[in-house]
Amino acid sequence: MRASQSTVTSSKLSKLSKSKVHIVIPARFQSSRLPGKPLLEIHGKPMILWVAQKASQATFADDLCIATDDERIAVVCQQAGYDVVMTDAAHASGTDRLSEVAQIKGWDAEDIVVNMQGDAPLVPPQLLQQVKDLLIDKPECVMATLYEPIIDYAEFIRPSVVKVVTDNQQQALYFSRAPIPCDRDHAQVMAQSAANSNSNNADNTASAMASQAPAIQLRVPKNAYRHLGIYAYRVKLLQDFVCWPAGSLETLESLEQLRVLENGGKIAIDQASVQLPPGVDIQQDLDRLNALPISVLQ
């Protein structure tokens, strides 16, 4: 029986090793905080072209394309020599957009799609390689992603920072905007301090406690991890994803990867081998990149 299972696993790994790898860079013109973000310039060149240049350094990929719903972005990328796939502007998530790209391209169900964010021109190519290798090494998983340890308490409690808890098999258990995992003893001290302060807010936040009770030792749990928005998907998952309705947890947390967990999919996860520099969300981020030496972007 064991020999038979080993043969099946070896056969599957052999098939996966022959799968093609595609890098896709989603790029939307609309942005509530920084409209036209992909076309904003860094050292005189549109940001999307810096991202594509960085992605091109990932020599493991069979091909690279930019997925957009905007003709202005398409023209800039095509003039620079990049393959562009025009996608529907109504997609609810980046994963939906990737699924459409896979369908248009006719990629095999066992192929792997690596998603590189269009507003992250400093992503090290080795992280793209790492997430791709992780998915190949975990044939039981349908997608893969990465995390970094959280050290700062303010970051730990910030809802904009997505946290992830993992098992001992390099798989994600849950993603949340809440501060997880919860250190019970520390939480009890915080709750008692809140009660002693006669607060009228029964659900006093840790951020409020940080300002109201500096004597409390605020600490980050040992296994607190920040999820990084770098993904590798099997095309089969992208095909399934668009057929699943949005899950209750996905809707509650506003995290599309929870749809995969809610439907029984396994997500491989590992600590990033190098630090992921911040992307561009606001004007100050763009100013910061323009202040860096151009060699950092190349």
Side-chain angles (χ1 to χ4, degrees), residues 22 24-26 28 30-32 67 69 87-104 107 109-120 131-132 134-135 138-148 150 155-182 203 205 221 223-272 279 281:
H22 316 279
V24 180
I25 306 172
R28 296 179 65 248
Q30 296 300 325
S31 172
S32 58
D69 55 11
T87 56
D88 194 328
H91 286 309
S93 72
T95 310
D96 292 287
R97 192 174 306 279
L98 292 178
S99 180
E100 184 184 3
V101 172
Q103 181 183 19
I104 291 172
W107 290 334
E110 293 297 336
D111 281 2
I112 290 174
V113 176
V114 176
N115 179 26
M116 184 173 181
Q117 298 296 333
D119 58 1
V131 76
K132 181 268 297 184
L134 179 61
L135 187 55
K138 304 281 284 184
E140 72 278 15
C141 295
V142 295
M143 62 183 283
T145 189
L146 302 173
Y147 67 80
E148 289 179 343
I150 297 176
E155 181 180 12
F156 179 59
I157 63 174
R158 193 179 305 136
S160 60
V161 175
V162 178
K163 275 70 68 175
V164 59
V165 289
T166 69
D167 65 13
N168 294 325
Q169 307 299 320
Q170 288 186 301
Q171 293 181 18
L173 291 172
Y174 191 66
F175 299 85
S176 182
R177 298 184 183 279
I180 58 172
C182 174
D203 188 25
T205 64
N223 297 325
Y225 302 133
R226 177 172 76 95
H227 175 232
L228 304 180
I230 298 178
Y231 298 98
Y233 307 83
R234 300 197 196 285
V235 169
K236 178 62 167 64
L237 169 68
L238 296 176
Q239 296 168 342
D240 291 339
F241 186 89
V242 294
C243 297
W244 296 329
S248 57
L249 294 174
E250 173 192 2
T251 303
L252 180 68
E253 297 262 14
S254 190
L255 295 173
E256 62 196 79
Q257 63 268 35
L258 289 177
R259 190 184 309 182
V260 178
L261 296 181
E262 289 185 88
N263 284 278
K266 296 180 179 180
I267 301 177
I269 192 164
D270 197 8
Q271 181 172 338
D281 288 321

Worksheet item: Around atom CD of Glu148, are there more than 12 heavy atoms of other residues, nucleotides or ligands at under 6.0 Å?
Response: yes
Note: Ala172 and Val164 closest approach over all heavy atoms is CB-CG2, 4.0 Å
**Prompt:** Can you tell if the side chain of Arg28 reaches within under 4.5 Å of the side chain of Arg97, non-hydrogen atoms only?
**Reply:** yes
Residues pairing under salt bridge (Lys or Arg N to Asp or Glu O under 4.0 Å) where one sits in residues 240-256, two or more places apart or in two chains, turn out to be Lys236-Asp240, Glu250-Arg259
Heavy-atom closest pair (Leu98 atom, Val113 atom, distance to 0.1 Å) is CD2-CG1, 4.4 Å
Across all chains, not counting sequence neighbours, the side-chain hydrogen bond (donor to acceptor under 3.5 Å, both in side chains) partners of Gln271 are none
d(Leu135 CG, Tyr231 OH) to nearest 0.5 Å is 13.5 Å
Item to check | Working for side-chain contact (heavy atoms from CB on, under 4.5 Å), residues Leu249 and Tyr174 | outcome: CA-CA 10 Å; Leu249 294 174; Tyr174 191 66; 3.9 Å; yes
Hits for side-chain hydrogen bond (donor to acceptor under 3.5 Å, both in side chains) against Thr145, two or more places apart or cross-chain, chain-then-number order -> His227
Output for pair (Asn168 CG, Leu173 CG), nearest 0.5 Å, gives 9.0 Å
Checking Asp111, Thr95, Val142, Val24 against Tyr233 for side chain to side chain contact (heavy atoms under 4.5 Å, CB included), the one that qualifies is Thr95
Value for CD (Gln117) from CD1 (Ile230), rounded to nearest 0.5 Å, stands at 8.5 Å
If you apply the rule side-chain contact (heavy atoms from CB on, under 4.5 Å), what do you find for Phe241 with Asn263, and how did you get there? CA-CA 9 Å; Phe241 186 89; Asn263 284 278; over 6 Å; no
Sorted by chain and number, sequence neighbours left out, salt bridge (charged side-chain N to carboxylate O under 4.0 Å, His left out) with Glu262 holds for none
What one should report as the nearest heavy-atom pair of Gly118 and Ile25 is CA-CG2, 3.7 Å
Sorted by chain and number, sequence neighbours left out, side chain to side chain contact (heavy atoms under 4.5 Å, CB included) with Thr251 holds for Ala246
Rounded to the nearest 0.5 Å, the OG1 atom of Thr166 sits from the CG atom of Asp270 at a distance of 9.0 Å
Please answer whether the main-chain N or O of Gln169 pairs with a side-chain N or O of Lys138 as donor and acceptor at a distance below 3.5 Å.
yes
Closest non-hydrogen contact found for Ile150 with Arg226 is CG1-N, 3.4 Å
Of all heavy-atom pairs linking Ala67 and Val101, the shortest is CB-CG2, 3.5 Å
Heavy-atom nearest pair, Gln257 first then Ile267, reads O-CD1, 3.8 Å
Exercise. So do Asn223 and Val165 actually touch side chain to side chain, heavy atoms under 4.5 Å?
Worked result: no
Answer yes or no: is there a side-chain heavy-atom contact under 4.5 Å between Ser99 and His91? no
The reported gap from NZ in Lys132 to CD1 in Ile112 (rounded to nearest 0.5 angstrom) is 7.5 Å
query = Given the rule in the side-chain contact (heavy atoms from CB on, under 4.5 Å) test, do Arg177 and Val162 qualify, once you have shown the distances and angles that lead to the verdict?
reply = CA-CA 5 Å; Arg177 298 184 183 279; Val162 178; 4.0 Å; yes
Output for pair (Leu258 CG, Ser176 OG), nearest 0.5 Å, gives 8.0 Å
Residue set satisfying side-chain hydrogen bond (donor to acceptor under 3.5 Å, both in side chains) with Asp96, at least two apart, ordered chain then number -> Ser93
Self-check item: Check: Lys163 side chain, Pro181 main-chain N or O, donor-acceptor pair, under 3.5 Å
Solution: no
